[in-house]
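No hydrogens, no waters, no symmetry mates; every other heavy atom, side chains included, goes into these values. Below, chains carry the letters A, B, ... as their sequence lines are ordered, and counting in each starts from 1.
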Amino acid sequence: MSSLSLYDTLSRATTPFTPLVAGRVSIYLCGATVQAPPHIGHVRSGVNFDILRRWLIASGYETTFIRNVTDIDDKILHKAVHEEMPWWAVAMKYERAFTEAYAALNVMPPTYEPRATGHITQMIELMQRLIDRGAAYAPGNGDVYLEVRTLTSYLTLSRQNVDDLQSSEDAEETFKRDPRDFALWKAAKPGDPSWPTPWGPGRPGWHLECSAMALTYLGESFDIHGGGLDLVFPHHENEIAQSESAGYGFAKSWMHNAWVTTSGEKMSKSLGNSLQVEHILKTVRGIELRWYLGGAHYRSMLEFSHAALEEASTSFRRIEAFLYRAKEILGDTPTRVINETFAAAMNDDLAVPTALAGISESLRLGNIAITSDDKGAIQKHANEIRGALSILGCDPFDPAFDSANASEDLTAALDGTIQLVLAQRASARDRKDFESSDAIRDGLLALGITIEDTAQGPRWSISRTESSN
RNA sequence: GGUGGAAUGGCCGAGAGGCGAGGCACAGGACUGCAAAUCCUGCUACACGGGUUCAAAUCCCGUUUCCACCUCCA
């Protein structure tokens, strides 16, 4: 069996993964800044790293997965003014929206989900340490800055030169010693929320929370730090600067997911609400959206289109239909088995698209096995397909998706009813009264019930009701 | 200006020196009373121009087009 290799943004290479502590993996993922409802780009990140996590767990690692919520930030404060709500109500509202979106897509809840505002003490301790070590300074107005010029290394992740950075226009009116210095802490302005510190009341800058929380939950160094590609600079560079200046090892490797784009462009620029998760979920089920988002390689741009989303839904339903049929024939839910083809693909930097080709092959063989009534082969392929889908978080038998379980009684009653109707149809067909038998089939179809005549007799299923867009 | 990424068949999307990834769509066939589902067959591409090589979608040089980041974006 192959072993896992992952691409590391820092070294720009795919190398064998070796955890700091044998058998254990620690991951910190930059989660949401809760200032707006999630769009599908946000949850792609969640899905991509959820697949990583599931694969690590399946590979036998004990996994600690921290995904933060940044619940204090300029944009949240602006939004609070705009929505005429307290900033903390805005943050909570959108945090819930993210939680719901993650749940709809079967993204496992993190081991812990720390909020920035719950870690002010840790941030103050970290700033004090940075000041003591001469890496940070408090100019006296209440701000605290990290002094970039004192760093022995900076911008190693994005491989830029400090001198090449375009400095911000408003640099002259700040208290910075150098325009590239960044704020660890911001002095309170009138009306802003603030917390007391040795340097005066204020609130966290953007980057500090992640360094403080990673230290709190994962320790001085940990295995993998993840996030969206756009966080490489400045967010992750500044996290590195803070944590390393404080004397901590910090992240051993870095993983970044690519964006979902529209018309070749990154989403945020011209985003209406049409690409919000909530809206997309009116056209496809969560499991189908996940299949779509997780199907592309995590480092490839995913060019969103409704047609492509529909295609993903179609192909997923085909796989799902096979699993349900297999379950009917076998009389038992398939188990989860990881075959070597799938494992090899996943071990190669989570090559999901390659893994998908393997699933297609299993599906074909599984369908052939159904035709030839080879129960052993049906079992084998159904198990392997379910095993693969479970890693991708798209297992139709997962309680998160398997709505049939929730209404067993109703399903049984409906099945009995349909069987009565199908008996009528069968006798019509025996009489060669196809007009009547087709009328029954069409009537059921109009109610959203699809009838298929198989070698094992007629089979019914509920068609998905298109709520359209 | 600096740093990265991308261009593959009607469409989506992998791969990274040699053996046609895969899917969707479409066409033909098998099966079927007809459908549906399923299977089989067909369609066979790597932005452009050079070069290296026995062999290039893949490596090298150049070009074009597009995208991103460069201090508060997943």
Side-chain angles (χ1 to χ4, degrees), chain A residues 9 12 29-33 35-36 38-49 70 73-76 148 155 158-161 163-168 170-171 176 179-183 186 204-207 226-235 237-238 256-261 263-269 271 292 295-297 299-303 305 307-316 318 321-322 325 345 348 351-361 363-364 366-368 370-372 429 432-434 437-438 441-442 445 450-455 458-459 461:
Chain A
T9 309
R12 306 272 164 92
L29 174 64
C30 282
T33 299
Q35 41 133 353
H39 58 65
I40 56 177
H42 293 121
V43 289
R44 181 191 185 184
S45 181
V47 167
N48 285 156
F49 283 96
T70 296
D73 139 279
D74 285 358
K75 284 189 178 170
I76 294 170
V148 167
L155 309 181
S158 59
R159 301 199 178 184
Q160 300 177 92
N161 286 314
D163 296 321
D164 292 336
L165 293 186
Q166 295 177 350
S167 53
S168 54
D170 60 345
K176 292 178 182 179
R180 295 159 194 87
D181 291 349
F182 62 89
K186 297 183 168 193
W206 178 32
H207 317 293
L229 202 52
D230 43 1
L231 296 181
V232 172
F233 183 89
H235 187 53
E237 293 286 14
N238 290 348
H256 293 95
N257 64 278
W259 299 295
V260 180
T261 56
S263 312
E265 287 179 29
K266 193 179 152 190
M267 285 211 154
S268 49
K269 290 275 163 68
L271 178 69
Y292 173 67
H297 186 94
R299 287 194 283 122
S300 297
M301 299 282 182
L302 180 60
E303 171 67 22
S305 74
L309 178 60
E310 275 303 316
E311 182 185 309
S313 298
T314 305
S315 80
F316 181 75
R318 230 179 128 233
F322 166 73
R325 247 164 255 204
D348 180 17
V352 174
T354 307
L356 257 33
I359 293 174
S360 292
E361 177 68 3
L363 178 64
R364 210 187 96 246
N367 277 321
I368 288 171
I370 287 180
T371 305
S372 60
R429 291 179 76 200
K432 305 262 189 241
D433 178 5
F434 296 120
S437 70
D438 288 352
R441 186 173 64 196
D442 293 344
L445 187 62
T450 304
I451 301 301
E452 295 164 33
D453 293 315
T454 72
R459 175 174 185 280
S461 58

Closest of B:C73, B:G22, B:A74 to the A:T33 side chain is B:A74
Could you measure between the two P atoms, the one in B:G62 and the one in B:C70, and give it in whole Å? 28 Å
Quick one: list whatever passes salt bridge (Lys or Arg N to Asp or Glu O under 4.0 Å) with A:R441, sequence neighbours left out. A:D438
Between B:G13 and B:G28, how far is it from one P atom to the other, in whole Å? 28 Å
Residue whose nearest RNA chain B nucleotide is more 5′ - A:A32 or A:D438: A:D438
Mind pulling the stems RNA chain B is in, i.e. runs of at least three Watson-Crick or G-U pairs, everything under 3.5 Å? B:1-7 with B:64-70, B:10-12 with B:22-24, B:26-30 with B:38-42, B:47-51 with B:59-63
For A:R159, enumerate each residue passing the salt bridge (Lys or Arg N to Asp or Glu O under 4.0 Å) test, keeping only those at least two apart in sequence or located in another chain. none
A:D453: partners by salt bridge (Lys or Arg N to Asp or Glu O under 4.0 Å), with sequence neighbours left out: A:R425, A:R429
Give every pair of a protein N or O atom and an N or O atom of nucleotides 36-38 of chain B that lie under 3.5 Å apart, one pair per line with the distance.
| residue | atom | partner | partner atom | Å |
| --- | --- | --- | --- | --- |
| B:A36 | N1 | A:D453 | O | 3.2 |
| B:A37 | O2' | A:R325 | NH1 | 2.5 |
| B:U38 | OP1 | A:R318 | NE | 3.0 |
| B:U38 | O3' | A:N367 | ND2 | 3.2 |

Integer angstrom distance from the P of B:A21 to that of B:U41: 16 Å
By side chain to side chain contact (heavy atoms under 4.5 Å, CB included), which residues pair with A:D74, not counting sequence neighbours? A:H78, A:K186, A:R203
With rounding to the closest Å, how many angstrom separate the C1' atoms on B:G22 and B:A55? 26 Å
Non-neighbouring partners of A:S305 that pass side-chain hydrogen bond (donor to acceptor under 3.5 Å, both in side chains), sequence neighbours left out: none
List for me each residue that meets salt bridge (Lys or Arg N to Asp or Glu O under 4.0 Å) alongside A:R318, sequence neighbours excluded, and say none if there are none. none
Under the side-chain hydrogen bond (donor to acceptor under 3.5 Å, both in side chains) test, which residues partner A:S158, sequence neighbours left out? A:Q160, A:E237
Taking the P atom of each, how far is B:A68 from B:A27, in whole Å? 38 Å
Return the nearest nucleotide to the side chain of A:F434; candidates are B:A74, B:G33, B:G4. B:G33
Could you list the residues that satisfy side chain to side chain contact (heavy atoms under 4.5 Å, CB included) with A:H207, not counting sequence neighbours? A:F182, A:P234, A:H235, A:N238, A:Q242
Is any N or O donor-acceptor pair between the side chain of A:R180 and the base of B:C70 shorter than 3.5 Å? no
Partners passing ring-ring contact (aromatic ring centres under 6.0 Å, His included) against A:H256 (at least two apart in sequence or in another chain): A:H236
All N/O contacts under 3.5 Å from nucleotides 11-15 of chain B to the protein, with atom names and distances to one decimal?
| residue | atom | partner | partner atom | Å |
| --- | --- | --- | --- | --- |
| B:A14 | OP1 | A:H297 | N | 3.1 |
| B:A14 | OP1 | A:S300 | OG | 3.3 |
| B:A14 | O2' | A:T354 | OG1 | 3.1 |

